[in-house]
Structure formats: C-alpha cells, structure tokens
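First the proteins, then the strands, lettered A, B, ... as listed; each starts at 1.
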Amino acid sequence: MNIEKLIADAAAGAVKELYGLTDASAVQIQKTRKEFEGDFTLVVFPLLKASRKSPDATAAEIGGWLTANTPEIGSFNVIKGFLNLSLKPEFWGERFAEMAADADFGRGAPTGKTVMVEYSSPNTNKPLHLGHIRNNLLGYSVAEILKECGNTVLKANLVNDRGIHICKSMLAWKKFGYGETPESSGMKGDHLVGKYYVEFDKHYQQEIKELMAAGQSEEEAKKNAPMILEAQEMLRKWEAKDPETYTLWETMNGWVYDGFAVTYKSLGVDFDRMYYESQTYLLGKSLVEEGLAKGVFYRRPDGSVWIDLTADGLDEKLLLRADGTSVYMTQDLGTAYRRFEDENLDALIYVVGNEQNYHFQVLKLVLKKLGYDWSDAIYHLSYGMVELPEGRMKSREGTVVDADDLVEGMVETAREMSQELGKLDNCTAAEADTIANMVGMGALKYFILKVDPKKTMLFDPRESIDFNGNTGPFIQYTHARIRSVIRKAAEAGIDYASTPAPGAYLPEEIELIKTLSEYPATIAAAGENYAPSLVGAYIYELAKIYNGYYHDHSILREEDAAVRDFRLRLSGQVASVIKKGMRLLGIEVPERM
RNA sequence: GGUUCCGUAGCUCAGUUGGAUAGAGCAGCAGCCUUCUAAGCUGCGGGUCGGGCGUUCGAACCGCCCCGGAAUCACCA
C-alpha cells in the first residue's frame, strides 16, 4: 500500500471539496522533517490562490477537513504554512503487520521489460584495478536493483580481447618470456600477462629514447620503434588468422580469463551474456551502408565514411576507415543494433567511465539519425575516476591499485580488526573466514557504492577504509546484533511470530515502522535513477535509527510479552530489510560479527 | 576553443521532482559497558552550499554570466 499516495489523494479531495480545486499538481505531500511532529506534510503555499486565505488559516482548514474525513489521519498541527499530519498509531501497526507478512517486501511488480546492463568489459592485457572495481560493483548493483524493480535483466560483459594492446603483451611474452606460464611461475594468469604488457612498454620506451638520441623526433621515434612495428605486424597476422599467432593469443587470453574468473568471484559479480570483441568487431558495416544510402553519412575522397555532427555541437566523426575496416564506433553501432534485435530489449545500459561520455553521446545521436527510436532507450551510466591522493592512477607509473591486492588487503584488515575486538573468539576457522570476507568486502563495496557515480572519488590506500560510522560494517553489525537477539529468543523458546499486537507503540517504534515503509519507494527510486547510493543511504539511516532504539530499549528483558514479541518482530523486519537492501549492493550480512 | 561533468564543514561524502533552522561519517573534545554484541550510543565545536545576477511566496537545487577543477574532441578500444 502506498501511504504517501493515500495522503495525497485525501488532500486532493480536501482542496477539491473546500476550494473547488481540481488540479492535483498543486498538492504537494512530503515526509515531515524529524524536528517537527507529524508523519506527512502538506505545503499549502501553492494552494493560497485557490483558498484566498492566509497560509495558516488554509492549513488549519484543510487539516480540520482531513481529520474529519480521513479515517487514517489522527491529528494535525500547523507551522508557518506547513500542515503536518499525524496518522493514527493503529494505522502504523497495520502497515507493519502487512510488511512483516510480505516475503517479497520491496520487490516491484513485473514490468514485462527486458533491460540489458553491460558492465565490466575488461581488456585482456592486464589485471583489473580499482577503477574496474567501481565499474563492476556499480554494474552488478544496478542490475540487481533493476531486477528487484520487476524487470528481466541481462548482465552483459563485452570483453575487449583483440587489438594492438593485446599484441603488445603477446609480443613481449614471446621475446622475453622464455615459456613462462601461470603454472611455472605461480602467478595468476591476468597478472602474468600484465607483467609482459609492462615489459613491452619498458623496451618500447628504451627504443624510443635510443631513436631520439639518434636524432629522430619523439613522434617519429614512437612510430618507428621496432617493438611497435613488430606489434603491428602481429596484429596483421592475427587478423589473417596466422596459426601460431592465433594459438598464442588463445593461450594467453585463456590465462587472463582464468585470472578474471577468480577476481569476479571475489567481487561477487556475474554475467548472463559474454561477448567477445574478436567476434563482434566486424559488426556495424551494414549500418554504415544504410547510413550512406539514407544520406546520413558521407564518403570522403579517400573512401573513409563520416558523419557530420557539427550542427549538433559535436564534430565530424569517422565511422569506417579508408581501407574499409571498422572503428570502435562502427562496432558499437553494430552490437547495439544486434542486441535490440536479438534480445528484444526495452533498455540498454552501458556502465562505462566518463572518459567515454563523448563516444556515447555520438553513438546515441548516430542511431537516432539512422531512424532507430530505440536509441532513446540507451543509457550511458557514466562514472567518475577513482583518484589516489597523488592524483590519477597510471598503469605505467605503477600507481594503480590492483583489484586482487585491494580485496585481499580489505579482508585481511577485517580479520585483524575482528580478532582485536575479540569477535572471532568462539568461531571455527571457516566461520572466521566467512566473517572476515563479508566484513572486508562489505566495507569496500559500501565505500564505493555510497558515492554518486558521476563524481570523481578519492581513495587513500594509506588511510584505508573505515569500519566505523557510515560504513558497510556498521550496517552489517546492526544486522548481526539483531540476529543475535533473535537467536536468543529462539533458544529461550519464545514464539513471537503470532502474538497479538501491543496496545500502544513508542514514538521510536512508529519511526522505525515509518522508515521501513519507505523501503519499496526507495528501491523504485534507485531503479529509476540507476542509483545504488540511494539504497545505501536508506539502509544506513534505518540502521542508525535502529541502533538508537536498541540502545534505549531492551527487547528480551521486556516483561510484557505482547510488547516483547512485537519488538522481536520489528527487529526481525529491520534485519530483513537490511539484508535485502545490502544484497542489492552485492553486500552480504553476517549472522554474527 | 567545442562538448559533458564536478565545486556543500579541516577531510570523505549525503541532500529524491524548488519547501521549514543545509545533514552524516571521519578527525578533535567530553561522557556511557556487573543489563539482549561498545564495529555501538549521547553531547560539544565546526558552513558567505565556488562567486554574482535573475525567476519564485520560497533557491544548495531552476536560468544566465563569471571563477576553479576533471574528462573528452585519435583512421586506440
């Protein structure tokens, strides 16, 4: 039941009855701010023209009408033109019983829509780093939220498995690797390949230096260095399907995939569709033909194909090289088209860093100009860089924070902290591992997901990530404490589920019920805005309110069984919502910690 | 120069379509564990919401102009 709508409808009825106002848009209902008494507030300023009375008189009149005519509303007060309405306590009691009985509380009704979320999309020449973590966590969470909102969701990963950068690693391995493998070196496959990517650059830079010393300009040197020429030759061989090159490519990519699988598992992300660029990079050429035929694109004398977007404030953009080979944009046009056709998508969301804002702007525009209206259903979920205190991460300068290292470090820190606090004293080794894992990952994931994706965020490895305050562990801890109380209730043989409701509620209990009732709307808003941070902020707020309640009121020691059992049910519902919400962020919550 | 985005407390960040006295956490200070887990709770200090003009009964939020910062404008992906 949508409580806010109930109030809004009642208020609309009031102004219609009192002032003959039929336009409901002037009726604004919002939650009453904490410092005032009441549950919902009607702002009366927009209604003054119709009422032809002062703000306070208008508010009092509407308040009087509402209390007389709306059974749910118990009382009201007026402060400076704000009409604060309080619902009857038994109304909240009923709402609570309703949500406690609903196993799918917060889940939206099926929309019948299919949404694809493309995220992760790594290159196969180096391991994942902190930036990829933000991408993966965001993509996974947004997909889960959209699923919870009633959509059919396809998580897609488009692996960038071909190109000059892949050849660089391959070439360096061939020249300097002496047959090294993940098995022989004990290195994780993606790290091993990454090592040779760095190795390539080292030699390449050395060659550039030498060529420059021999009198070439930097530009010339970069073009003429033997390493880069060889890498380019290797790419040509790959495209010609030269058996030796192709085998090496398959082997090294295989190593990387094994490594990624481990990282994905530790991050807890998964995919429904895997795409490989080696299989999609030729797509899109027919769309280029189509664009030419429609006169949307044009061909230059050298044979290359372009679109002129200067009228839209952008530039001229290349869509096909003079030699007929495709570029990034060509492929993306093709894959988008293919996906909408094949999967019958209603929406396609790309979780890609903000350095590609321009690219997606162009992509949508080009598709639109080709006459594909589903272009509007493409959304680029753009996220900002993760910066270190020294500034941006640079692979070459070795200032990247490796994903595997970070995960391991977080879990280790969580383990140490748990030990220091004596939280693991009565645990088996397996339980301790589980807790350290949940807490460490919870801290990391919450830290990243609580900030607005658009914003560049700062990560300071030295200060590490907090475990106190507005953090994942804080929320997990709230859950663990509740579960502990409920375990104790079960041990004491208390059957609290079906005890009749108590006759009265504490203000704090009403506040908790009120907050719990906002959960479904929060999930809906998070889905509409692709914003996991809304879920995070909501759960934090809920946990904070609960912690105050837990501190001030005892549950099991309460003598009145009806009150005690209600408190158990209320606590259980808080734990349930925490668990549901955190799951949408990809965060697990422990039974104890 | 064009495009997109950001600027809120010492630091890291919230602030849902414009609504009441702008909020958290961290850091600092002062308190609370013979009572269900102190990874918790309570209190204190801390702000010209980058600046200006405008729209409005009302602006951190909307519009315009500046200032500062980021990304991008590759026949790389």
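- Residue A/Leu424 contributes atom CG, which lies 16 Å from atom P of B/U37 at whole-angstrom precision.
- Between the P atom of B/A74 and the NZ atom of A/Lys223 lies a distance of 16 Å, rounded to the nearest Å.
- Where A/Gln30 and A/Pro473 meet RNA chain B, the nucleotide closest to each residue was compared, and A/Gln30 sits on the side nearer the 5' end.
- Atom CD in A/Glu558 sits about 13 Å away from atom C1' in B/C36, given to the nearest Å.
- The side chain of A/Ile555 approaches B/C36 more closely than any other nucleotide in the set B/C36, B/A39, B/C57.
- Not one side-chain nitrogen or oxygen of A/Ser554 sits closer than 4.0 Å to the OP1 or OP2 atom of B/U35.
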Could you give me the CA-CA distance, side-chain angles and deciding distance for A/Thr124 and A/Asn253, then say whether side-chain hydrogen bond (donor to acceptor under 3.5 Å, both in side chains) is met? CA-CA 6 Å; A/Thr124 57; A/Asn253 272 352; 2.9 Å; yes
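- The salt bridge (Lys or Arg N to Asp or Glu O under 4.0 Å) pairs that include a residue from residues 530-552 of chain A are A/Lys34-A/Glu541, where partners are two or more places apart or lie in different chains.
- For A/Arg483, no side-chain nitrogen or oxygen approaches OP1 or OP2 of B/C36 to under 4.0 Å.
- When distances run from any side-chain atom of A/Tyr477 to the nucleotides B/C75, B/G40, B/U72, the shortest one goes to B/G40.
- Within the structure, every side-chain polar atom (N or O) of A/Arg487 is placed at least 4.0 Å from both OP1 and OP2 of B/C36.
- In this structure A/His479 satisfies the ring pair (Phe, Tyr, Trp, His ring centres under 6.0 Å) test with no other residue, sequence neighbours excluded.
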Listed pairs, N/O of protein and of nucleotides 61-64 of chain B, under 3.5 Å:
none

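- At a threshold of 4.0 angstrom between heavy atoms, the contacts of A/Glu277 are confined to the sugar-phosphate backbone, with no base atom among them.
- Residue side chain A/Thr41 reaches the base of B/A20 through a donor-acceptor N/O pair under 3.5 Å, judged by distance alone.
- Side-chain contact check for A/Ser382 and A/Asn357: at least one donor-acceptor pair (N or O, by modelled atom type) lies under 3.5 Å.
- Atom pair A/Leu444:CG and B/A39:P shows a separation of 22 Å (rounding to whole Å applied).
- A/Tyr197 does not carry A/Lys168 over the face of its six-membered ring by the limits of under 6.0 Å from the centre and within 45° of the normal.
- In this structure, A/His479 places its NE2 atom 15 Å from P of B/U37, rounding to the nearest Å.
- Note on A/Tyr281: nothing from the nucleic acid sits closer than 4.0 angstrom, heavy atoms only.
- Using a 4.0 Å heavy-atom distance criterion, A/Asn84 is classed as a base contact.
- The side chain of A/Lys49 contributes no N or O atom lying less than 4.0 Å from OP1 or OP2 of B/C57.
- Atom CG in A/Asp312 sits about 12 Å away from atom P in B/U3, given to the nearest Å.
- Within the 4.0 angstrom heavy-atom criterion, no nucleotide atom of any strand lies near A/Lys317.
- Looking at residues two or more places apart in sequence or on another chain, you find no side-chain hydrogen bond (donor to acceptor under 3.5 Å, both in side chains) involving A/His551.
- Within the structure, every pair that satisfies the salt bridge (Lys or Arg N to Asp or Glu O under 4.0 Å) test and touches residues 516-536 of chain A, not counting sequence neighbours, is listed here: A/Lys31-A/Glu518.
- In this structure, A/Phe82 packs face-to-face on the six-membered ring of B/A20, meeting both the 5.5 Å centre cutoff and the 30° plane limit.
- By the 30° and 60° cut-offs, the orientation of the rings of A/Phe82 relative to A/Phe45 is perpendicular.
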Reading nucleotides 4-17 of chain B from 5' to 3' and marking B where a protein heavy atom lies under 4.0 Å of the base, S where only the sugar-phosphate is that close, and - otherwise, the string is SSSS----SSS---
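- One finds a side-chain N or O of A/Arg33 lying less than 4.0 angstrom from the OP1 or OP2 phosphate oxygen of B/A20.
- The side-chain hydrogen bond (donor to acceptor under 3.5 Å, both in side chains) test applied to A/Ser51 returns A/Thr58, not counting sequence neighbours.
- When the P atom is used for both B/G10 and B/G45, the distance is 15 Å, rounded to whole Å.
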Here RNA chain B, pairs taken as Watson-Crick or G-U under 3.5 Å and shown with ( ), [ ] when crossing and | when to another strand, reads (((((((..((((.....[...)))).(((((.......))))).....(((((..]....))))))))))))....
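- Considering only side-chain N and O atoms, A/Asn547 lies under 4.0 angstrom from the phosphate OP1 or OP2 of B/C41.
- Within 4.0 Å (heavy atoms only), A/Gly163 reaches no atom of the nucleic acid at all.
- The aromatic ring of A/Phe474 does not sit over the base of B/G40, since the test of centres under 5.5 Å and planes under 30° is not met.
- Between the CG atom of A/Leu48 and the P atom of B/C57 there is a distance of 11 Å, rounded to whole Å.
- Side chains of A/His553 and A/Glu508: a donor on one and an acceptor on the other come within 3.5 Å.
- Minimum atom distance to the side chain of A/Gln28 is reached by B/G19, of the listed B/C76, B/A39, B/G19.
- Between A/Asn468 atom CG and B/A38 atom P the separation is 13 Å, expressed in whole Å.
- Using a 4.0 Å heavy-atom cutoff across all strands shown, A/Ala480 reaches at least one base atom of the nucleic acid.
- For A/Arg481, taking side-chain heavy atoms from C-beta onward, the closest of the listed nucleotides B/C75, B/U37, B/A39 is B/U37.
- Between B/G1 and B/A9, the two P atoms lie 28 Å apart (nearest whole Å).
- Side-chain proximity of A/Val327 to B/C36, B/A24, B/C75: nearest is B/C75.
- In this model, the phosphate group of B/C57 is not approached by any side-chain N or O of A/Lys80 to a distance below 4.0 Å at OP1 or OP2.
- One finds no side-chain N or O of A/Arg162 lying less than 4.0 angstrom from the OP1 or OP2 phosphate oxygen of B/C76.
- Take A/Arg33 and apply the side-chain hydrogen bond (donor to acceptor under 3.5 Å, both in side chains) test, not counting sequence neighbours, and it matches A/Glu35.
- Counting non-hydrogen atoms under 4.0 angstrom, A/Pro46 reaches a base of the nucleic acid.
- Qualifying ring pair (Phe, Tyr, Trp, His ring centres under 6.0 Å) partners for A/Phe40, counting only residues two or more places apart in sequence or in other chains: none.
- Every residue two or more places apart in sequence or in another chain was checked for a salt bridge (Lys or Arg N to Asp or Glu O under 4.0 Å) with A/Arg321, and none qualifies.
- Heavy atoms of A/Ser418 sit under 4.0 angstrom from at least one base atom.
- For A/Glu316 and A/Arg300, the salt-bridge test passes: some basic side-chain N is under 4.0 Å from an acidic carboxylate O.
- For B/C73, the O4'-C1' to base torsion is more than 90° from 0; the nucleotide is therefore anti.
- By the ring pair (Phe, Tyr, Trp, His ring centres under 6.0 Å) test, A/Phe566 pairs with A/Phe96, A/Tyr505, sequence neighbours left out.
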